[in-house]
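Here is the structure we will look at.
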Amino acid sequence: REFRIAMVLPWMDRDGAKAPAWFSHLVASASASASLVDWYVPHEGSLSLPRGVRAPNVKLVELRRGGLARLFAARLGGALGLGGGEARTLEKRLRALFEAWPRLAVLAARVCRVGA
């Protein structure tokens with residue numbers, strides 16, 4: 001049985017910002033580990049692989065606006081046994097936090113082990 005490693009790198013853009021300049025380097029580096037590691041990049045808005053850079057193990061997962069907050073709230077809410085109203089409140093608060101401080105989404109991915 002084959003085992004693989006999944007790396008989750010949530011991408012939050014601000015005001016329709018494009019992928020950062022380092023993204024093409026990340027994708028090129030990730031291709032070297034294609035036999036062992038899959039990179040999942042959940043994102044809101046448009047994000048595409050840089051032109052001429054391809055890696056079969058880098059998967060872009062497009063979510064609607066607020067999708068990352070919804071994903072994390074569902075995972076946390078389930079783990080904490082929150083009811084529907086409490087989970088929706090958590091989602092709203094996470095959405096506000098992620099919009100104000102996008103790097104918190106990476107921390108939340110580590111805490112929630114999204115994709116696990």
| query | How would you list all residue pairs meeting side-chain hydrogen bond (donor to acceptor under 3.5 Å, both in side chains) that involve residues 19-29, not counting sequence neighbours? | reply | none
| message | Between Phe3 and Leu36, does the side-chain contact (heavy atoms from CB on, under 4.5 Å) criterion hold? Intermediate values first, please. | response | CA-CA 8 Å; Phe3 292 94; Leu36 181 62; over 6 Å; no
| query | Are any non-hydrogen side-chain atoms of Leu68 and Pro42 less than 4.5 angstrom apart? | reply | yes
| Qualifying residues under side chain to side chain contact (heavy atoms under 4.5 Å, CB included), relative to Lys59, sequence neighbours excluded | Asp38, Tyr40
| request: Evaluate the criterion side-chain contact (heavy atoms from CB on, under 4.5 Å) for residue pair Val8 and Val41; output intermediate values, then yes/no. | output: CA-CA 6 Å; Val8 179; Val41 185; over 6 Å; no
| said: Enumerate the salt bridge (Lys or Arg N to Asp or Glu O under 4.0 Å) contacts for residues 23-37, please, sequence neighbours excluded, ordered by first and then second residue. | reply: none
Identify all side-chain donor-acceptor contacts of residues 80-89 below 3.5 Å with residues at least two apart in sequence or on another chain.
{"unit_1": "Glu86", "atom_1": "OE1", "unit_2": "Gly83", "atom_2": "N", "d": "3.0"}
{"unit_1": "Arg88", "atom_1": "NH1", "unit_2": "Gly84", "atom_2": "O", "d": "3.4"}
{"unit_1": "Thr89", "atom_1": "OG1", "unit_2": "Gly85", "atom_2": "O", "d": "3.0"}

| task | Under the side chain to side chain donor-acceptor pair (under 3.5 Å) rule, collect the residues that match up with Asn57, sequence neighbours excluded. | result | none
| note | Of all heavy-atom pairs linking Leu60 and Phe23, the shortest is CD2-CZ, 4.0 Å
| task | Could you pull out all residues at least two apart from Ala73 that satisfy side chain to side chain contact (heavy atoms under 4.5 Å, CB included)? | result | Leu90, Glu91, Leu94
| query | So, Arg4 side chain and Ala34 main chain: donor-acceptor pair closer than 3.5 Å or not? | reply | yes
